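Read through the structure below, which is laid out as structure tokens, and then see the notes.
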2 protein chains.
Amino acid sequence: MIKQTQRQIRNRLFAALTPSEFAAIAPGVKSVKLELGQPLHRAGEIVEDVYFPETGFISALAVLSDGYHLEIGLVGAEGAAGVSVILGSNTSYSEAMCQTGGLAWKISTASLRRAAAEHPHFRELLLRYVEVFHIQVAQTAACNAHHDLSQRLARWLLGAHDRSGVAELSLTQDLIAIMLGVRRSTVSVAAAQLQRAGIIRYQHGLITIVDRVGLENAACECYESVAGEYRRLFGEHPRDLPPLPTAA
Amino acid sequence: MIKQTQRQIRNRLFAALTPSEFAAIAPGVKSVKLELGQPLHRAGEIVEDVYFPETGFISALAVLSDGYHLEIGLVGAEGAAGVSVILGSNTSYSEAMCQTGGLAWKISTASLRRAAAEHPHFRELLLRYVEVFHIQVAQTAACNAHHDLSQRLARWLLGAHDRSGVAELSLTQDLIAIMLGVRRSTVSVAAAQLQRAGIIRYQHGLITIVDRVGLENAACECYESVAGEYRRLFGEHPRDLPPLPTAA
DNA sequence: CAAACTCTGTGCGGTACCGCACACGCAAAA
DNA sequence: TTTTGCGTGTGCGGTACCGCACAGAGTTTG
């Protein structure tokens with residue numbers, strides 16, 4: 001179960017619980033370490049556990065029959081991966097995959113459903129997050145059809161920056177290319193462009209975000225549009241997630 | 001309120017209700033005529049009513065700041081437009097727009113929420129549909145990034161065919177181009193290709209689907225993938241929606 | 001019937017991204 | 001240090017779609 005007191009918790013869905021709700025749910029929650037590349041849910045398979053990221057983030061990926069994996073949404077401490085089990089289905093449409101190492105809270109599908117049934121406020125919180133996630137996916141659909149890669153790359157980096165809480169991201173261009181559904185070399189060109197503009201620095205699997213505002217200007221509207229919906233429904237901007245805990 | 005007896009209802013969400021649930025909900029339901037091009041919900045505005053199509057279909061559109069409208073999902077008698085209000089938000093992320101004339105059942109947001117609260121089976125039905133719709137949108141995101149227009153056009157026509165229940169669709173290429181987020185002339189080329197293959201016939205705003213199986217072969221996997229998820233959660237394939245009532 | 005309008009087919013130059021391939025630089029292992 | 005490997009930058013021909021523009025065919029209106 002969760003050892004931290006609630007005020008130490010970074011995940012916004014848990015942080016928004018009342019103390020009594022938190023106390024009731026905590027026993028079913030386990031802390032787990034997320035490893036880079038680790039699959040948490042597989043397309044078409046049963047969702048055993050739902051993951052509430054504490055640090056790091058998780059990609060939701062659509063899997064096409066030719067083996068292509070393509071990101072449809074990003075989940076960090078603002079939400080949870082696999083939360084749509086509370087809509088009723090037991091299996092996952094998408095694949096959930098860790099993109100960075102980090103920590104998450106894990107709760108079994110059955111426990112989550114029980115908690116949601118017993119605590120209407122928690123249930124309502126989860127449903128609201130389902131809606132925000134849905135909006136993110138919808139915006140991605142439009143973005144994929146209409147915006148070009150340099151904008152989409154900037155948008156993606158902003159999302160990763162918000163959720164990771166650090167300016168240095170361990171990410172190869174290869175991985176980003178898969179997320180965005182383009183060739184690696186196309187990412188290379190777009191990234192070089194951002195680097196020349198002094199917005200990011202790229203060095204062997206390590207991206208540093210140098211100029212956050214510049215990155216926001218380079219991105220398409222889709223970042224701010226989704227972030228705005230999150231703020232509308234949750235009252236805080238994803239940019240303002242709590243900082244990472246300093247190492248004890 | 002609904003005058004038909006329940007067994008005459010084509011909409012699958014209403015048809016799946018138990019007789020007593022149906023009787024309880026019916027008084028809040030009004031029949032409305034859908035006109036081509038009529039907007040039912042506007043992006044960012046309050047959702048006053050939720051629409052359960054009986055014939056015809058409705059597009060959900062993302063609106064980008066440059067004015068582009070781009071379809072993210074299609075709703076027909078298998079579902080309802082605006083149903084995500086049961087997740088909690090009062091406003092609509094997307095725009096809902098009629099693509100054909102037809103009939104729909106309309107219920108106010110407040111009545112729908114009350115009905116969902118009082119009838120768990122109805123609520124569970126609605127949530128399951130929210131999930132299917134979400135899957136449709138997610139698949140569209142991947143499809144937009146990865147499949148080319150000829151496949152996407154075929155996919156779209158299949159969806160329209162399923163929902164309209166007739167082989168003749170009143171649709172200009174201009175309208176389809178907006179839905180798919182491409183130029184009209186690109187649609188023209190792809191449609192001419194399908195026509196030469198004897199799959200459809202196109203004549204001044206009227207598409208006739210000649211070879212349904214051929215159309216399925218011409219489409220990308222995305223059609224069958226979403227349809228399969230629908231069947232998994234609702235037990236019937238969208239292709240098998242009840243036929244239109246014959247004129248009395 | 002003719003005129004006005006709507007819708008579809010086609011063409012041209014331009015661009016974004018593809019698939020593939022290869023060279024270079026940084027980094028960890030021998 | 002040298003070697004090996006991984007990650008990044010770049011180039012080339014090809015393709016899908018863009019923006020724009022115009023002709024022709026079908027449909028409605030006068």
Side-chain angles (χ1 to χ4, degrees), chain A residues 36-37 64 66-71 99-100 142-157 168-197 199-208 218-220, chain B residues 36-37 64 66-71 99-100 142-157 168-197 199-208 218-220:
Chain A
L36 195 151
L64 299 179
D66 57 9
Y68 259 78
H69 288 221
L70 213 136
E71 186 178 274
Q99 296 306 345
T100 59
C143 189
N144 285 350
H146 193 63
H147 295 140
D148 55 70
L149 190 73
S150 59
Q151 295 182 299
R152 292 207 283 136
L153 173 62
R155 178 195 167 192
W156 195 86
L157 289 174
E168 301 209 331
L169 302 167
S170 275
L171 292 164
T172 64
Q173 297 186 346
D174 231 324
L175 204 140
I176 296 178
I178 294 170
M179 296 301 111
L180 298 178
V182 297
R183 282 179 320 157
R184 203 254 326 141
S185 53
T186 304
V187 171
S188 185
V189 172
Q193 203 173 311
L194 291 176
Q195 188 158 16
R196 269 194 301 278
I199 292 171
I200 63 170
R201 212 168 47 237
Y202 224 115
Q203 40 183 6
H204 237 70
L206 191 73
I207 291 186
T208 309
C220 51
Chain B
L36 196 150
L64 299 179
D66 58 8
Y68 258 78
H69 287 221
L70 212 136
E71 186 178 275
Q99 296 306 345
T100 60
C143 189
N144 285 350
H146 193 61
H147 294 138
D148 54 71
L149 189 74
S150 59
Q151 294 181 301
R152 292 207 283 136
L153 173 62
R155 177 195 169 194
W156 194 86
L157 290 174
E168 301 209 329
L169 302 167
S170 275
L171 291 163
T172 64
Q173 297 185 348
D174 231 324
L175 205 141
I176 296 179
I178 293 170
M179 297 302 110
L180 298 178
V182 297
R183 282 179 319 155
R184 202 256 324 144
S185 52
T186 304
V187 172
S188 185
V189 172
Q193 204 172 312
L194 291 176
Q195 189 158 16
R196 268 194 301 278
I199 293 170
I200 63 170
R201 211 168 47 237
Y202 224 116
Q203 41 183 6
H204 237 68
L206 190 73
I207 291 187
T208 308
C220 51

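Just so we're on the same page: letters track the sequence lines, and every chain starts at 1. Just so it is clear, the model here is predicted, and its values are computed rather than measured.
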Could you tell me the separation between the CZ atom of B:R201 and the P atom of C:dT8, rounded to a whole number of Å?
15 Å

N/O (side chain, B:R183) to phosphate O (OP1/OP2, D:dG19) under 4.0 Å:
no

Which residues, if any, of residues 185-195 of chain A bring a heavy atom under 4.0 Å of DNA chain D?
A:S185, A:S188, A:Q195

Determine the minimum heavy-atom distance between B:L194 and B:A218, stating which atoms define it.
CD2-CB, 4.0 Å

Tell me the interatomic distance from A:I176, atom CD1, to D:dG9, atom P, rounded to whole angstroms.
11 Å

A:H147 has an atom NE2; how far is it from atom C1' of D:dC17, in whole Å?
16 Å

d(CG, A:N144; P, C:dC18) in whole Å:
12 Å

d(B:L70 CG, B:I178 CD1) to nearest 0.5 Å is 10.0 Å

Tell me the interatomic distance from A:D174, atom CG, to C:dC26, atom C1', rounded to whole angstroms.
16 Å

Indicate yes or no: at least one non-hydrogen side-chain atom of B:L171 is less than 4.5 angstrom from one of B:W156.
yes

With A:D148, which residues qualify under side chain to side chain donor-acceptor pair (under 3.5 Å), at least two apart?
A:S150

Within the structure provided, determine whether B:Q99 and B:L36 are in side-chain contact (heavy-atom separation under 4.5 Å).
no

B:L153 and its side chain to side chain contact (heavy atoms under 4.5 Å, CB included) partner, picked from B:I176, B:V189, B:V182
B:I176

Does any non-hydrogen side-chain atom of A:I200 lie less than 4.5 Å from one of A:L157?
yes

Do side-chain atoms of B:R152 reach the backbone of B:L180 as a donor and acceptor pair under 3.5 angstrom?
yes

If you pin B:H146 and B:L171 to their nearest nucleotides in DNA chain C, which one's is more 5'?
B:L171

Give every pair of a protein N or O atom and an N or O atom of nucleotides 14-16 of chain D that lie under 3.5 Å apart, one pair per line with the distance.
none

All stems with DNA chain C, defined as three or more consecutive Watson-Crick or G-U pairs under 3.5 Å
C:1-30 with D:1-30

Calculate, to the nearest 0.5 Å, the distance between atoms CD1 and OG1 belonging to B:I199 and B:T208 respectively.
14.0 Å

Atom pair NE2 (B:H147) and CG (A:L64), whose distance is rounded to the nearest 0.5 Å
5.0 Å

Only counting residues at least two apart or in another chain, list the ones meeting ring-ring contact (aromatic ring centres under 6.0 Å, His included) with B:H146.
A:Y68

Footprint string (nucleotides 25-30 of chain D, 5' to 3'): B base within contact, S backbone only, - free, heavy atoms under 4.0 Å
BBS---

Heavy-atom side-chain contact between B:L206 and B:Q203 under 4.5 Å:
yes

Just compare D:dG19, C:dG9, C:dC7 and give me whichever is closest to any side-chain atom of B:Q173.
C:dG9

In whole Å, what is the span from the CG atom of B:L36 to the P atom of C:dC7?
10 Å

Interatomic spacing from CG in A:L169 to CD1 in A:I207 - rounded to 0.5 Å:
6.5 Å

Are any non-hydrogen side-chain atoms of A:M179 and A:L175 less than 4.5 angstrom apart?
yes

Donor-acceptor pair under 3.5 Å, A:R184 side chain vs C:dG19 base
no

